[in-house]
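We name chains A, B, ... by the order of the sequence lines, and we start the count at 1 in each one. Keep in mind that this is a model prediction, so the values were computed, not measured.
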Amino acid sequence: MNPRRKKRLTIVITLLIGFSAISGLVLYALSQNIDLFYKPSEIHFGKVETGIKPEAGQRLRIGGIVVPGSVKRDPTSLKVSFDLVDMATPLVFNDTDPTVTVTYSGILPDLFREEQGIVANGTLQPNGSVLASEVLAKHDENYMPQEISDQSITKEKYQY
Amino acid sequence: MWKWLHPYANPETTYHLSDRVIPWFGWLSGSLLTIGLVWALLFAPADYQQGDSFRIFYLHVPAASLSMGIYLGMAIAALCGMVWQLKLSDAAVAALAPVGAVFTAIALFTGAAWGKPMWGTWWVWDARLTSELVLLFLYLGVIAINNAFEDKQMAGKAASIIALVGVINLPIIKYSVEWWNTLHQGATVSKLGKPAMSLEMFWPFVVCFLGFAFFVATVTCIRFKTEILLRNSSRPWVKNLMLEQAK
């Protein structure tokens, strides 16, 4: 490679590394703001990196898995409440896991069901629950036809 | 080592090369897309949870991964253009940018159309969706700069810088779902180890993906040819070519 090309290549690579370092640092500094939601354990104990806990009255999003058996619907209105627990693979529910209760009044997305990932947008109440104004379903990355799903669900049911 | 590449620095040789490969790419893309889309949209089994609406996967995922692949190709062309000062690299950047922009727009649109019934919202400012939107703006920036200068060489230089700097966005898009909490799900197809998709749904995806990839190759070669002609319009070989075609 002739020296002029070599020089240009060095300049370009240096620039690229410089810009990557800058954007890496910026993203690292902003990392808590880029997270779309709090996990239920983070509402109880604070973010892992900083330990900052959200305050009552703060608008936030919470994301987690709907705990089986926790969905309570009001028979006379659209009010519904359910508990969320941290997302983990594989799905295991222990009684000791920190949960956060979400209350919501409105129509839930079609994918809403027990053991489904949910992201709710709302305000943290003084009693530690979240009053949601919007509930979104988070779909996981698994796709399968009905027959396979039936088999794997029965298998998982046997595990716990 | 790179001797065999040298003839292709000549615009005329490269023009004729892309001319020769276009029909191959075109037929491959046409047949693969026909097979893949019929298989995917009519015969692949429906998802246990999403039903038939999961089928947008066969358009959304190829479009999204190709939008990133095209950008990587464009950035490599820009790097070669800056270091070796090849005029053909500028033509390649100019040829790739609009194709990539369209595929990014398709990925964003199909994602929104799927998000409304599945998530319950068209759009959410999470890391994956936002960084993909930034990719669209990067493409639009490259196109705009390419057209902002009278002088093609100046335009090529400026556009190459944007294309190269924007490459930082690619790992951010790819790993956004792992680095941060997002509403967007993690990777299905490139997930290592346990497949996240049953095989009878996965194979039609492979065919669709290859079909779209060859479609990108076809369209890019056509655009590349046009860019070469535009940039060499005063050369005798272009004049001869035009005179021959006019006959």
Is the [atom1] atom of [X] crowded by more than 12 outside heavy atoms at less than 6.0 Å?
X: A/Phe19; atom1: CZ; answer: no
X: A/Arg5; atom1: CZ; answer: yes
X: B/Trp179; atom1: CH2; answer: yes
X: B/Gln153; atom1: CD; answer: no
X: B/Phe109; atom1: CZ; answer: no
X: B/Phe205; atom1: CZ; answer: yes
X: A/Ile107; atom1: CD1; answer: no

>> Using a 4.5 angstrom heavy-atom cutoff, name the option from A/Asp110, A/Val119, A/Leu16 with the most pairs to chain B.
In response: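 Option with the greatest count: A/Leu16.
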Atom of [X], atom of [Y] and distance for their closest heavy-atom approach:
X: A/Arg61; Y: B/Val124; value: NH2-CG2, 4.0 Å
X: A/Leu27; Y: B/Ile172; value: CD1-CD1, 3.3 Å
X: A/Ser23; Y: B/Ile168; value: OG-CG2, 3.1 Å
X: B/Trp114; Y: A/His139; value: CH2-CB, 3.8 Å
X: B/Leu183; Y: A/Phe37; value: N-CE2, 4.5 Å

> Residues in side-chain contact (heavy atoms from CB on, under 4.5 Å) with B/Trp123, at least two apart?
Replying inline: B/Leu108, B/Trp125, B/Leu129, B/Leu133
> In Å, rounded to the nearest 0.5 Å, how long is the span from CG of A/Leu15 to CG of B/Leu164?
Replying inline: 8.5 Å
> Checking A/Lys138 side chain against B/Thr182 main chain: does a donor-acceptor pair fall under 3.5 Å?
Replying inline: yes
> Between A/Arg8 and B/Trp84, is there a donor-acceptor pair closer than 3.5 Å when you use the side chain of the first and the backbone of the second?
Replying inline: no
> Based on non-hydrogen pairs under 4.5 Å, which of B/Ala46, B/Ala127, B/Gly115 is most in contact with chain A?
Replying inline: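 Result: the option with the highest number of such pairs is B/Ala46.
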[X] versus chain A, heavy atoms under 4.5 Å apart: side chain, backbone, both or neither?
X: B/Phe57; value: side chain
X: B/Val177; value: neither
X: B/Met82; value: both

